[in-house]
2 protein chains.
Amino acid sequence: MKESVRTLQKVKACPIEYVLAVNDTLNVISGKWKLPIIGTLLYEKKRFGEIQRNIGKITPRMLSKELKELEINGIIVRKVFDSVPVVVEYELTPSAQALGSVLDTMVAWGLQHREQVIKNNQESA
Amino acid sequence: MKESVRTLQKVKACPIEYVLAVNDTLNVISGKWKLPIIGTLLYEKKRFGEIQRNIGKITPRMLSKELKELEINGIIVRKVFDSVPVVVEYELTPSAQALGSVLDTMVAWGLQHREQVIKNNQESA
DNA sequence: CCGGATCCGACAGGATACTG
DNA sequence: CAGTATCCTGTCGGATCCGG
């Protein structure tokens with residue numbers, strides 16, 4: 001677990017498991033590349049190079065590192081085909097696909113919040 | 001906007017506003033202290049020192065910085081009372097209180113994901 | 001084609017001391 | 001009480017080159 005999201009405390013009267021659950025979710029969607037990677041795999045499973053081209057500016061080092069983390073966290077599955085040259089496919093787990101609901105609420109809140117901020121600015125003008 | 005969450009791309013067939021909305025939400029809840037601060041203010045408005053004691057291990061430097069960011073982002077309101085000594089109160093905006101729905105879905109996903117991971121480990125054992 | 005190894009800058013976050 | 005100022009460390013992420 002990353003240090004930066006470890007210390008969530010006292011969010012409402014939530015039991016400790018809730019706090020851990022929120023941190024688990026945050027660890028899966030925060031950082032610069034996690035969501036782009038998940039996003040590009042939502043359509044279909046892809047190979048290393050495909051992901052890299054799809055995302056655009058990510059270096060192989062970062063892509064490799066992020067894929068490894070996502071695999072450890074049960075977000076993607078890595079399949080190696082022993083051909084020559086070697087082929088590796090990455091695919092989302094069902095759990096990862098269920099992230100859609102989280103993103104939906106985040107979109108909803110983001111849009112609503114933006115509206116609210118604009119309205120407040122107009123009032124104070 | 002932080003660099004680390006700027007490059008979200010191609011998440012599903014989402015229009016660009018959805019991507020921005022997700023980033024807005026992420027900017028409000030990621031980092032080590034944002035959620036603890038919001039959490040402690042969910043009960044009631046508090047003063048600087050109260051927040052600091054409530055959270056526990058945060059330094060005044062970090063607390064000040066985070067509160068400033070949260071204010072800029074329309075998450076909290078800062079009220080200064082010109083008494084001696086000076087009193088400053090921090091309070092959540094309605095928008096911030098609406099974050100509960102986001103946290104709820106994150107909790108739900110986190111719990112479900114954990115279950116799924118455990119189940120998969122048992123199967124492969 | 002799929003990465004690993006190495007080096008490097010930028011920045012989040014901590015420790016401590018000090019002001020209005 | 002409510003912060004600032006300064007310094008320091010660790011982690012994130014980029015660049016480049018190398019290997020199976």
Side-chain angles (χ1 to χ4, degrees), chain A residues 1-9 23 26-38 40-41 45-73 76-91, chain B residues 1-9 23 26-38 40-41 45-73 76-91:
Chain A
M1 172 111 47
K2 285 201 298 190
E3 175 72 10
S4 59
V5 283
R6 196 203 51 191
T7 324
L8 180 60
Q9 297 172 318
N23 280 330
L26 271 169
N27 284 332
V28 162
I29 63 178
S30 47
K32 185 170 180 177
W33 299 116
K34 301 257 172 48
L35 271 181
I37 291 171
I38 293 173
T40 194
L41 289 178
K45 56 187 170 188
K46 287 196 175 71
R47 297 168 56 181
F48 191 92
E50 292 182 288
I51 301 175
Q52 191 178 1
R53 279 187 300 277
N54 237 285
I55 293 189
K57 303 258 175 199
I58 191 171
T59 61
R61 188 183 89 89
M62 285 311 295
L63 183 52
S64 172
K65 186 186 149 219
E66 301 285 303
L67 287 172
K68 214 171 289 179
E69 283 181 34
L70 290 172
E71 190 190 2
I72 290 174
N73 285 319
I76 63 177
V77 175
R78 181 176 185 265
K79 283 179 188 161
V80 182
F81 297 87
D82 230 355
S83 52
V84 178
V86 63
V87 168
V88 184
E89 277 183 358
Y90 295 91
E91 184 178 4
Chain B
M1 172 112 48
K2 286 199 302 191
E3 175 73 9
S4 59
V5 283
R6 198 203 50 190
T7 324
L8 180 59
Q9 299 170 317
N23 280 330
L26 235 29
N27 283 333
V28 162
I29 62 178
S30 48
K32 185 170 180 178
W33 299 115
K34 300 255 171 53
L35 271 182
I37 291 171
I38 294 173
T40 194
L41 288 178
K45 56 187 170 189
K46 290 197 173 71
R47 297 167 56 179
F48 192 91
E50 292 181 286
I51 301 175
Q52 192 178 0
R53 279 189 299 278
N54 238 285
I55 293 189
K57 303 262 175 193
I58 191 172
T59 62
R61 189 183 91 87
M62 284 312 295
L63 183 53
S64 173
K65 185 186 149 220
E66 301 285 303
L67 287 172
K68 216 170 287 179
E69 284 181 33
L70 289 172
E71 190 189 4
I72 289 173
N73 286 320
I76 62 179
V77 175
R78 181 175 185 267
K79 284 179 187 160
V80 183
F81 298 88
D82 230 356
S83 52
V84 179
V86 63
V87 168
V88 182
E89 275 183 359
Y90 294 91
E91 185 178 4

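Letters go in sequence order (proteins before strands), and every chain restarts at 1.
- Atom CD1 of B:Ile37 and atom C1' of C:dA12 are 14 Å apart (whole Å).
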Practice item. Report the C-alpha separation of A:Lys34 and A:Glu69 in whole Å, then their side-chain angles, then the decisive distance to 0.1 Å, and conclude whether the side-chain contact (heavy atoms from CB on, under 4.5 Å) test is met. Key: CA-CA 9 Å; A:Lys34 301 257 172 48; A:Glu69 283 181 34; 3.3 Å; yes
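- With values rounded to the nearest 0.5 angstrom, B:Leu41 atom CG is found 9.5 Å from B:Glu50 atom CD.
- Under 4.0 angstrom from either OP1 or OP2 of C:dG14 there lies at least one side-chain N or O belonging to B:Lys32.
- With sequence neighbours excluded, no residue satisfies salt bridge (charged side-chain N to carboxylate O under 4.0 Å, His left out) with B:Glu71.
- Looking at residues two or more places apart in sequence or on another chain, you find a salt bridge (charged side-chain N to carboxylate O under 4.0 Å, His left out) between A:Glu91 and A:Lys79.
- Where the helix from C:dC1-D:dG20 to C:dG20-D:dC1 starts and where it ends, the local axes point in directions that differ by 40°; five pairs per end, rounded to 10°.
- Between the CG atom of A:Leu63 and the C1' atom of D:dC12 there is a distance of 16 Å, rounded to whole Å.
- Here C:dC2 presents its P atom at 18 Å from CD of A:Glu66, a figure rounded to the nearest Å.
- Close to C:dG3, at under 4.0 Å from its OP1 or OP2, lies no side-chain N or O of A:Lys65.
- Distance A:Ile55 CD1 to C:dC2 C1': 15 Å, rounded to the nearest Å.
- Spacing between atom CE of B:Met62 and atom P of D:dG10 amounts to 17 Å, rounded to whole angstrom units.
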Dump the pairs, protein N or O against N or O of nucleotides 1-8 of chain D, anything under 3.5 Å, distances to one decimal.
| unit_1 | atom_1 | unit_2 | atom_2 | d |
| --- | --- | --- | --- | --- |
| D:dC1 | O3' | B:Arg47 | NH2 | 3.1 |
| D:dA2 | OP1 | B:Arg47 | NE | 2.9 |
| D:dA2 | OP1 | B:Arg47 | NH2 | 3.4 |
| D:dA2 | OP1 | B:Val88 | N | 3.3 |
| D:dA2 | OP2 | B:Gly49 | N | 3.1 |
| D:dG3 | OP1 | B:Arg78 | NH2 | 2.4 |
| D:dG3 | OP2 | B:Tyr90 | OH | 2.5 |
| D:dT4 | OP1 | B:Lys68 | NZ | 3.2 |
| D:dT4 | OP2 | B:Ser64 | OG | 3.0 |

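- By the side-chain contact (heavy atoms from CB on, under 4.5 Å) test, B:Val88 pairs with B:Arg78, B:Val80, B:Val86, B:Tyr90, sequence neighbours left out.
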Practice item. Give the C-alpha distance, both sets of side-chain angles, the deciding distance and a yes or no for side-chain contact (heavy atoms from CB on, under 4.5 Å) between A:Ile38 and A:Ile76. Key: CA-CA 8 Å; A:Ile38 293 173; A:Ile76 63 177; 5.7 Å; no
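- Applying the salt bridge (charged side-chain N to carboxylate O under 4.0 Å, His left out) rule to B:Lys68 yields no partners; only residues at least two apart in sequence or on another chain are considered.
- Atom CD1 of A:Ile58 and atom CD1 of A:Ile51 lie 9.0 Å apart (nearest 0.5 Å).
- Not a single salt bridge (charged side-chain N to carboxylate O under 4.0 Å, His left out) links A:Lys65 to another residue, sequence neighbours left out.
- In this entry the distance linking CH2 of A:Trp33 with P of C:dG3 reads 17 Å, nearest Å.
- In this structure, A:Gln52 places its CD atom 9 Å from P of C:dC2, rounding to the nearest Å.
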